[in-house]
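Everything on this sheet refers to the single structure shown next.
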Amino acid sequence: MSRRPVIAGNWKMYKTRADTRQFFETFKPLVAASRHCDITIAPPFTALSTAVDAAAGTVITIAAQNAHWEPEGAFTGEVSMPMLVETGCRGVIIGHSERRQYFGETDESVNRKLKAALQAGLTPIVCVGELAAERDANLTQAVLRRQFEGGFAALTDVEFSRILLAYEPVWAIGTGRTATPEIATSAHGFLRELARKRFSPECASALRILYGGSVKPDNIKGLMAQEEIDGALVGGASLDAKSFAAIVNF
Ligand code: PGA
């Protein structure tokens, strides 16, 4: 089954609105002819509307990096899924390891956010991945299973078919230590197997699984050559327009 590749950029807490305008000025011409994959960029909240305006009329879609599960309420400092939709966002990253590590995100909150994103019509990019200590202790599959089952609890096939899954081994994020294509392939295969057990075979084989963790222009080709790798979630290398364009045009 051939799955359409997705290249997504996660800007984390980088870039002002002015930086965002500048990025798109350089980036747009470099990907103007790129029709082989979906391109999405996740700026910080404050730059979302700037990015939406800058991407208007292109195939680039804009996603947020997080949101609350309630549509509104007394939750100081939070932003809701319908607010993202109104801003022109089409997707939202959920359960990134930095949110799990530093902001108390759990499989249960991932599940609530995922349902809220689907309800609002956003494409969720759900992140899973093991810590270095978990890999060393041979717990990778156990961790992925727990995150998968908890995050996707009580989801229907139709809902599951709208999700993008990102495998991001925590030891590879921002470390320059990319998973080898073999390590990524084996984790992706395991995740697809979990999907096959829990959802329909059609859903499982259509699921797009992105790899994330130190993806760079010089390793994207080797990763994308793997049958099981359907795209990339790129942090550091998505901040520079030329380097992110080189990744998009792998
Ligand atoms: P990195 O980040 O590409 O800088 O390793 C990836 C991510 O956190 O999504």
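Both counts, for ligands and for their atoms, begin at 1 and track the order of listing.
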Report yes if some N/O of G235 lies less than 3.5 Å from some N/O of ligand 1; otherwise report no.
-> yes
Distance-only polar pair, side chains of S49 and T87, donor-acceptor under 3.5 Å = no
Sub-3.5 Å N/O-N/O distance, H96 and ligand 1 | yes
Per-atom contacts, ligand 1 versus A172 - under 4.0 Å to a heavy atom = 5 (O)
Sub-4.0 Å atoms of ligand 1 with respect to non-hydrogen atoms of E168 = 6 (C), 7 (C), 8 (O), 9 (O)
Taking heavy atoms and a distance under 4.0 Å, where does N10 meet ligand 1: side chain, backbone, both or neither?
-> side chain
Is the closest side-chain donor-acceptor distance between E168 and S97 under 3.5 Å?
-> no
Any nitrogen or oxygen of K216, main chain or side chain, under 3.5 Å from a nitrogen or oxygen of ligand 1?
-> no
Going by the order shown, which atoms of ligand 1 are within less than 4.0 Å of some heavy atom of K12?
-> 2 (O), 7 (C), 8 (O)
Between G236 and ligand 1, is there a nitrogen or oxygen pair with a distance under 3.5 Å?
-> yes
Assess G213 for proximity to ligand 1: is some non-hydrogen atom of it under 4.0 Å away?
-> yes
Distance only, no hydrogens: is a donor on one side chain within 3.5 Å (strictly under) of an acceptor on the other, for T50 and D53?
-> no
What atoms of ligand 1 come closer than 4.0 angstrom to any heavy atom of S214?
-> 1 (P), 3 (O), 5 (O)
Residues forming a salt bridge (Lys or Arg N to Asp or Glu O under 4.0 Å) with K15, sequence neighbours excluded = none
Is there side-chain contact between P43 and I41, with at least one heavy-atom pair below 4.5 Å?
-> yes
Can you say whether the rings of Y167 and H188 are parallel (under 30°), tilted (30 to 60°) or perpendicular (over 60°)?
-> perpendicular
Determine which pairs satisfy side chain to side chain donor-acceptor pair (under 3.5 Å) with at least one residue from residues 137-146, sequence neighbours left out, and list them in order.
-> D107-R146
Identify, by atom number and element, the atoms of ligand 1 in contact range of G174, meaning under 4.0 Å from any of its heavy atoms.
-> 1 (P), 4 (O), 5 (O)
Relative to each other, are the rings of F244 and F23 parallel, tilted or perpendicular (30° and 60° limits)?
-> tilted
Counting both backbone and side chain atoms, is some N or O of E98 under 3.5 Å from an N or O of ligand 1?
-> no
